[in-house]
Each structure stands twice: as structure tokens, then as C-alpha cells.
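Take a look at the structure below.
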Protein chains: 2
Amino acid sequence: MSILTENWEERLKEQGYRITKSRRTVLEVLEASPIRLTPEEIYRRARRRHRKLGLVTVYRTLALLEKLNLVQRVHTEAGCRSLTAVRLDKGHHHHLVCRTCGYVEEFPDCALGSVLRKLQARTGFAIESHHLEVVGRCPKCQ
Amino acid sequence: MSILTENWEERLKEQGYRITKSRRTVLEVLEASPIRLTPEEIYRRARRRHRKLGLVTVYRTLALLEKLNLVQRVHTEAGCRSLTAVRLDKGHHHHLVCRTCGYVEEFPDCALGSVLRKLQARTGFAIESHHLEVVGRCPKCQ
DNA sequence: CTATAACTGAAAATTTTTTTCAATAAGGAG
DNA sequence: CTCCTTATTGAAAAAAATTTTCAGTTATAG
């Protein structure tokens with residue numbers, strides 16, 4: 001369990017949300033998975049622990065966990081439906097994703113500071129954020 | 001018109017595809033738009049020039065143009081449905097996107113070479129590609 | 001323990017995308 | 001230019017993904 005998700009209950013409570021079996025289960029499923037999962041996959045896995053769980057609740061829970069930055073969407077050319085748990089509480093990080101099995105690894109360093117400053121100067125944009133996704137094959141899938 | 005899209009007809013023909021009014025119109029709509037567009041938006045604009053065009057054909061055409069790298073998907077937190085024309089034929093490039101109006105600007109320099117080499121060495125991944133999206137507010141929207 | 005407001009599941013609705021299939025049209029051969 | 005083959009198209013239907021509605025349930029503050 002990561003630094004971040006250790007205190008997920010507090011995070012929810014702080015904002016007035018309740019701690020429920022559905023939320024706990026969805027988060028546990030994502031935490032336990034080294035690979036990215038779609039809402040449907042999360043639903044199937046979560047139902048093994050929580051029989052009455054509905055797919056709708058999975059969607060709602062994912063939206064909440066995403067808003068609280070406990071969970072993130074993984075963007076790839078194949079689609080942007082799957083999600084992964086946020087494991088580092090370092091704030092800024094990106095994803096290294098295996099094209100074959102979906103394994104996701106976080107990495108904190110992107111060294112884009114100076115590139116973005118130049119880009120901002122050149123274009124006149126007020127740059128607010130950026131999103132980097134690195135795709136390859138993990139050691140097992142090579 | 002960009003270097004790339006100047007010879008889109010040849011590109012299609014090379015691969016055995018035909019040049020049709022639908023394909024021409026969809027590509028023209030995307031080329032003429034400084035902002036990213038969803039399939040639905042492309043359909044609405046394209047129909048002004050090509051009345052009988054069907055939404056299905058827009059989807060099929062976009063899939064083809066994407067495969068041929070004449071068009072690209074723009075990924076943002078708000079969703080990954082919209083597309084933009086590829087304007088530079090420099091090969092590698094990324095997108096700077098306005099959060100407010102959807103204006104898209106390409107930029108070629110990401111300076112990630114050494115970061116990716118280190119990442120590959122550290123993780124054992126065989127890194128194949130990466131995707132960077134920078135979000136901000138364009139000069140007009142600030 | 002109780003009250004209350006958040007949360008839930010099921011069903012239905014909506015939105016997005018894909019498939020099917022008969023009709024049409026692009027473009028090479030002649 | 002005309003014919004022929006085959007890619008392409010539009011419409012309808014189907015499938016897939018996501019969201020809304022609503023009545024019943026449950027977490028938790030007091």
C-alpha cells in the first residue's frame with residue numbers, strides 16, 4: 001500500500017465523503033493490480049469480494065477517486081478507458097506502460113522544465129500542466 | 001496546407017485506397033480548423049460541404065486518416081475523442097492544447113532522449129514510443 | 001440510538017462507436 | 001469514353017460505454 005492510499009479514508013472524510021465497502025473494494029482492486037484495468041475489469045474483480053456491487057457504482061467511485069487523485073486514467077493509442085492506482089505521493093509523475101500486458105510503472109522525473117519554459121515564451125501560452133505517457137514492453141513481455 | 005497533407009492523395013493511392021469526396025471533405029475540415037474537433041463536430045462541419053455525408057463515414061474516414069498519420073487524436077483529461085490534422089511532416093512532435101478553446105499547436109522538441117534512456121536502463125523496459133500533451137491557455141483565452 | 005444526508009443497485013436512458021448490407025461510385029482496362 | 005471490378009458509402013440496427021433516475025439502504029454526526 002502506498003503512502004497515498006494509506007490515508008485515503010481521511011482524504012475522503014475531509015471532503016465530506018463516506019467510507020463505504022464499494023469504495024474500499026474498488027480501491028483495493030486497483031492497488032492490487034500491477035496492470036491497468038477498465039471499469040468493467042475492475043467491476044469483475046471487485047465483485048469477487050463484494051457480491052452486490054453494481055457497475056454503476058464502480059463508475060461513480062472511479063470518478064470520485066479520480067477527482068481525489070487516488071486513481072488515474074492511462075492514455076494509450078489503443079484507448080483511454082483503463083485506470084491505475086496512484087502509488088507515489090510525490091505529486092508530479094508519469095506512466096511507463098507495457099503495450100502488451102498493460103503493466104504500469106510510475107516515474108517522477110521528466111526534465112521538461114526548460115522545454116516548457118521555452119515553449120511558453122515562444123507561443124504565448126500560459127502552460128498549466130502536461131501529461132507524458134511512455135510506451136514499451138516490460139521485461140517479462142519482451 | 002501542410003507538407004503532409006499536400007500529398008495525401010498519393011499516400012492513399014499508394015496503399016490502394018480511393019480518393020473520395022468524403023475523405024477529401026473530412027480532411028479539409030480538420031485542416032481548416034485551428035481547434036480540435038470531435039467526430040460529431042467534424043460531421044456537422046463537413047456536411048455543410050457534402051450534404052449526403054453520413055456520420056458512419058466520418059468515423060471510418062477518421063480511422064483511416066489516423067492509420068495513415070494524417071490525423072491524430074488529442075488526449076486530455078476531459079476526454080480523448082477529438083482529433084486534429086497533422087501539420088508538420090517532421091515525424092516526431094507533440095501537442096500544446098488550449099484548455100479553454102481547444103486550439104492545438106504542434107511542437108517538435110521534447111528533449112526526452114536522455115530521460116528515456118535512463119528510464120529504460122532503470123526499468124528494463126524496451127521503450128518504443130512516448131506521447132506528451134501540454135495543456136494551458138492560449139494567448140486569446142488568457 | 002436516531003436523524004439525516006450520502007450512497008447504492010437496478011433499470012432505463014443516453015451517448016458513442018461499430019457492424020451489416022444493399023446501393024453507389026472510383027478508377028484501371030480496354 | 002465506357003465497362004467492369006471492387007472499394008466505399010449511407011441508413012438502420014446493433015453493440016458498447018457511460019450517465020441519469022429513483023426508491024431503498026447505510027454511514028456517521030450528534
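Each chain gets a letter, A, B and so on, in the order the sequences are listed, and its residues count up from 1.
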If you link I, L, V, M, F, W and Y whenever their side-chain heavy atoms are under 4.5 Å apart, who else ends up in the same group as [X]?
X: B:Val135; value: none
X: B:Val56; value: none
X: B:Val97; value: B:Val74, B:Val104

query = So which of residues 14-26 of chain B are in contact with DNA chain D, with a heavy-atom cut-off of under 4.0 Å?
reply = B:Tyr17, B:Arg18, B:Thr20, B:Ser22, B:Arg23
ask   = Does the side chain of B:Gln72 pick up a donor-acceptor pair with the side chain of B:His95 at under 3.5 Å?
value = yes
Range on DNA chain D touched by chain A, heavy atoms, distance below 4.0 Å = D:dA17 to D:dT28
ask   = Excluding sequence neighbours, so at least two apart, what forms salt bridge (Lys or Arg N to Asp or Glu O under 4.0 Å) with B:Arg73?
value = B:Glu66
request  = With sequence neighbours excluded, tell me which residues meet side-chain contact (heavy atoms from CB on, under 4.5 Å) with B:Lys13.
outcome  = B:Ile19
Residues forming a side-chain contact (heavy atoms from CB on, under 4.5 Å) with A:Glu41, sequence neighbours excluded = A:Leu37, A:Thr38, A:Arg44
Return all side-chain donor-acceptor pairs below 3.5 angstrom for residues 116-130 of chain B, not counting sequence neighbours, or 'none' if the list is empty.
| from | atom 1 | to | atom 2 | distance (Å) |
| --- | --- | --- | --- | --- |
| B:Gln120 | OE1 | B:Ile127 | N | 2.9 |
| B:Thr123 | OG1 | B:Leu119 | O | 2.7 |
| B:Thr123 | OG1 | B:Phe125 | N | 3.2 |
| B:Glu128 | OE1 | A:Arg99 | NE | 2.6 |
| B:Glu128 | OE1 | A:Arg99 | NH2 | 3.3 |
| B:Glu128 | OE2 | A:Arg99 | NH2 | 3.0 |
| B:His130 | NE2 | B:His92 | NE2 | 3.3 |
| B:His130 | NE2 | B:His94 | NE2 | 3.3 |

task = Return the set of residues passing side-chain hydrogen bond (donor to acceptor under 3.5 Å, both in side chains) with B:Glu105 (not counting sequence neighbours), or none when no residue passes.
result = B:Tyr103
key: Sub-4.0 Å heavy-atom contacts from residues 44-52 of chain A onto DNA chain C, ordered by number   = A:His50, A:Lys52
request  = Please list all pairs passing the salt bridge (Lys or Arg N to Asp or Glu O under 4.0 Å) test where one or both residues lie in residues 48-60 of chain A, with sequence neighbours left out.
outcome  = A:Glu28-A:Arg49
